[in-house]
Amino acid sequence: MEKDRITAQYIDDVFMRVDANKPEIVYELIDYFKFRVPGYRFMPKYKAGIWDGYVSLYKGGKLPTGLLDHLKEFADGRDYDIVVDPKLQETLDISHDDFVRYVKSINLPFEARDYQIAYAYKAIKNKRLVVVSPTGSGKSLIIYIVARFLADILPKDKKILIVVPRVSLVFQLYSDFKEYGYDAENNVAKLGGRNNDKIAGKRIVISTWQSIYKRKPDWFQKFGALIIDECHSLQNLSAKAIKSICHKTTNCPFKIGFTGTVRDLKVAKLELQGLLGKIYQITNTQALIDRKMLAPIKIKCVRMNYKDAEKKEMSRKTYQSQVNFVEEHAGRLNAIANIAIVQSKNTLILFEHIDYGKRLKALIEKKLRNKNIKRNVYFIYGAIDGEKRERVRKIMERERDAILIASYGTFSTGINIRNIHTVIFSSAGKSKIRVLQSIGRGLRTHKNKDELLLIDIFDDLTWGKKINYSAKHFIERAKFYDDEGFLYEIVEINL
């Protein structure tokens with residue numbers, strides 16, 4: 001009797017063909033790689049009863065190449081034979097010692113840390129990998145080492161494409177490459193915002209996903225390596241665009257993602273690994289704090305307590321009504337402004353909505369004038385171009401007691417400012433990725449910094465057994481702090 005068997009055949013650098021010698025195994029494969037789409041209950045087809053909310057990553061006999069390990073687990077768990085095309089398992093032939101010698105040969109201005117070299121080596125050796133490098137761990141240096149190595153070994157007609165989520169990160173990464181000693185002016189092209197550098201003759205292209213995802217597949221054939229920074233973006237609203245970029249890089253054997261954290265959802269992890277490879281993490285934030293590579297963190301959670309009449313009124317309101325109420329509350333705005341101006345060193349305030357951020361900036365500046373305090377206040381949101389954001393970032397590194405008020409969309413992820421001593425969440429949700437990435441804005445060490453102070457502001461409008469949305473979201477954030485081993489205290493302000 002013929003034994004059950006699966007074969008995996010290389011198609012391109014996006015998909016592999018997966019066949020089975022029995023039709024029932026095909027149905028098992030469809031079920032194994034099946035999941036319900038997040039938010040399926042709200043989608044028209046599900047509401048109409050013509051779709052059950054499920055999709056499978058195994059379609060038409062094809063499976064994303066990055067899921068080869070999951071395919072092997074599927075076969076092993078059922079005692080099926082599996083025949084794998086050797087091309088699907090190719091790795092780069094380089095020893096760890098040789099790679100360490102290479103890193104030394106590029107004359108970095110400082111010594112790379114052991115885990116940075118380990119991450120870079122693993123990514124290059126495997127050709128596909130999702131590198132989970134904790135926020136503040138020096139991810140840009142790891143990306144540089146990987147990109148620099150690939151630029152040296154890939155054929156001259158193949159470039160390296162680095163995709164970032166925002167134009168400010170295009171400029172920051174470009175600046176970082178120059179600091180590391182690379183001739184970026186002659187070797188790196190920037191795409192994003194108003195920048196549309198010519199890429200002819202350049203080995204590395206740094207681009208926002210927004211600038212390239214609509215380009216035709218032929219344009220992507222010039223790239224032999226794809227690096228996606230903040231690849232957790234594959235798990236949110238930009239996912240469709242970034243998937244499009246990944247799917248167009250069909251002749252691109254090196255596909256590497258970098259992120260500080262990954263969502264726990266199985267579907268999110270499967271899609272991420274399908275495009276970029278298995279998830280790899282060798283250190284975490286607390287370990288780097290213990291090694292004194294990141295600043296210690298102190299978290300002060302400030303509960304804004306409202307009048308009973310306000311709580312009772314808001315208990316019947318929708319989420320958006322509650323958000324509008326707290327953002328328009330004069331007492332709350334005044335309290336946050338007071339918290340900000342009593343901080344003695346560089347402070348970053350993160351906000352959600354632009355109008356609220358503008359009112360907070362105006363009030364802080366007014367209070368500073370009234371108290372005759374000379375302190376620079378900077379304001380960054382989506383409409384500010386990338387070059388100005390980069391100038392402000394560099395200015396903040398030189399300042400001693402400035403206040404930077406920035407939207408979550410522009411500064412919660414990836415922006416690197418070592419000289420931040422206090423981070424204030426003027427509003428915050430329950431997204432684990434955004435919370436931890438936002439904390440990371442202040443975790444980097446600095447000669448004048450003993451610790452990072454995080455001030456997490458939440459609004460208590462609980463009435464009876466009715467817990468308001470802001471309080472619920474804080475409960476979720478507190479769980480993140482517990483999971484990361486961060487200690488916190490709760491103080492109260494009565495409005």
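Because the structure is a prediction, the values reported are computed rather than measured.
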Before accepting this row, confirm whether a basic side-chain N of the pair D456/R477 lies closer than 4.0 Å to the acidic partner's carboxylate O. yes

Is the backbone of K240 close enough, under 3.5 Å, to the side chain of S244 for a donor and an acceptor to pair up by distance? no

Extract all donor-acceptor atom pairs below 3.5 Å that involve side chains of residues 318-325 and protein atoms in other chains or at least two apart in sequence.
{"from": "T318", "atom 1": "OG1", "to": "S321", "atom 2": "N", "distance (Å)": "3.3"}
{"from": "T318", "atom 1": "OG1", "to": "S321", "atom 2": "OG", "distance (Å)": "3.0"}
{"from": "Q320", "atom 1": "NE2", "to": "N324", "atom 2": "OD1", "distance (Å)": "3.0"}
{"from": "Q322", "atom 1": "OE1", "to": "Y469", "atom 2": "N", "distance (Å)": "3.2"}
{"from": "Q322", "atom 1": "NE2", "to": "M314", "atom 2": "O", "distance (Å)": "3.2"}
{"from": "N324", "atom 1": "ND2", "to": "Q320", "atom 2": "O", "distance (Å)": "3.3"}

So, do I256 and L276 sit near enough that their side-chain heavy atoms are less than 4.5 Å apart? no

Please determine if E476 and K479 form a salt bridge, counting it only when a charged side-chain N lies under 4.0 Å from a carboxylate O. yes

Do I245 and L226 touch side chain to side chain, with heavy atoms closer than 4.5 Å? yes

Under 4.0 Å between a Lys/Arg side-chain N and an Asp/Glu carboxylate O for D69 and R128? no

Please say whether more than 12 non-hydrogen atoms of neighbouring residues, nucleotides or ligands are located less than 6.0 Å from CZ in R41. no

Is any side-chain N of the basic residue among E271 and K243 closer than 4.0 Å to the acidic one's carboxylate O? yes

If only side-chain N and O atoms count, and only distance matters, is there a donor-acceptor pair under 3.5 Å linking E399 with N419? no

State whether the side chain of E365 and the backbone N or O of A362 hold a donor-acceptor pair below 3.5 Å, judged by distance alone. no

Donor-acceptor contact below 3.5 Å, side chain D401 vs main chain N346: no

Ring centres under 6.0 Å, that's the criterion: do F458 and F474 meet it? yes

Got a sec: does the CD of E489 have more than 12 other heavy atoms crowding it under 6.0 Å? yes

Just checking, is any N or O donor in the side chain of K345 or T422 under 3.5 Å from an acceptor N or O on the other one? no

Tell me, yes or no, whether the heavy-atom count around F42 atom CZ, taken from other residues, nucleotides or ligands under 6.0 Å, exceeds 12. no

Once the angle between the rings of Y180 and Y144 is folded into 0 to 90°, is it parallel (under 30°), tilted (30 to 60°) or perpendicular (over 60°)? tilted

Should the pair K122 and Y280 be classed as cation-pi, given the thresholds of under 6.0 Å to the six-membered ring centre and 45° from the axis? yes

Can D31 and K34 be counted as an ion pair, charged N to O under 4.0 angstrom? yes

May I ask you to check whether N468 and K317 show a side-chain donor-acceptor distance below 3.5 Å? no

Does the side chain of H70 pick up a donor-acceptor pair with the side chain of Q273 at under 3.5 Å? yes

Walk me through whether F351 and F379 qualify under ring-ring contact (aromatic ring centres under 6.0 Å, His included). CA-CA 11 Å; F351 66 86; F379 186 67; 5.5 Å; yes

If you define the side chain from C-beta out and look only at heavy atoms, does anything of F171 sit under 4.5 Å from L169? no

Does H329 have its ring centroid less than 6.0 Å away from the ring centroid of Y306? yes

Are side-chain N/O atoms of K367 and N334 paired as donor and acceptor at under 3.5 Å? yes

Minimum side-chain heavy-atom gap Q343-I455 below 4.5 Å: yes

Could you tell me whether D460 and R303 make a salt bridge, using a distance below 4.0 angstrom between a side-chain N and a carboxylate O? yes

Does CZ in R215 sit with more than 12 non-hydrogen atoms of other residues, nucleotides or ligands closer than 6.0 Å? yes

Does K298 have more than 12 heavy atoms from other residues, nucleotides or ligands lying within 6.0 Å of its NZ? no

Step by step, work out the side-chain hydrogen bond (donor to acceptor under 3.5 Å, both in side chains) result for K255 and T249. CA-CA 9 Å; K255 290 186 175 177; T249 51; 3.0 Å; yes

Check step by step if salt bridge (Lys or Arg N to Asp or Glu O under 4.0 Å) holds for D114 and R291. CA-CA 12 Å; D114 54 357; R291 292 178 64 182; 3.2 Å; yes

Ring-plane angle category for F74 and F33, please: parallel below 30°, perpendicular beyond 60°, tilted otherwise. tilted

Identify whether NZ of Lys or CZ of Arg in K190 sits under 6.0 Å from the centre of the six-membered ring of Y174 and within 45° of that ring's axis. yes

Under 3.5 Å side-chain donor-acceptor pair for Y356 and S427: no

How are the rings of Y46 and W51 set to each other: parallel, tilted or perpendicular (split at 30° and 60°)? perpendicular

Report, as yes or no, whether the 6.0 Å neighbourhood of atom CD1 on I50 holds more than 12 heavy atoms from other residues, nucleotides or ligands. yes

Check: E352 main-chain N/O paired with S407 side-chain donor or acceptor under 3.5 Å: no

Is the closest basic N to carboxylate O distance between K139 and D229 below 4.0 Å? yes

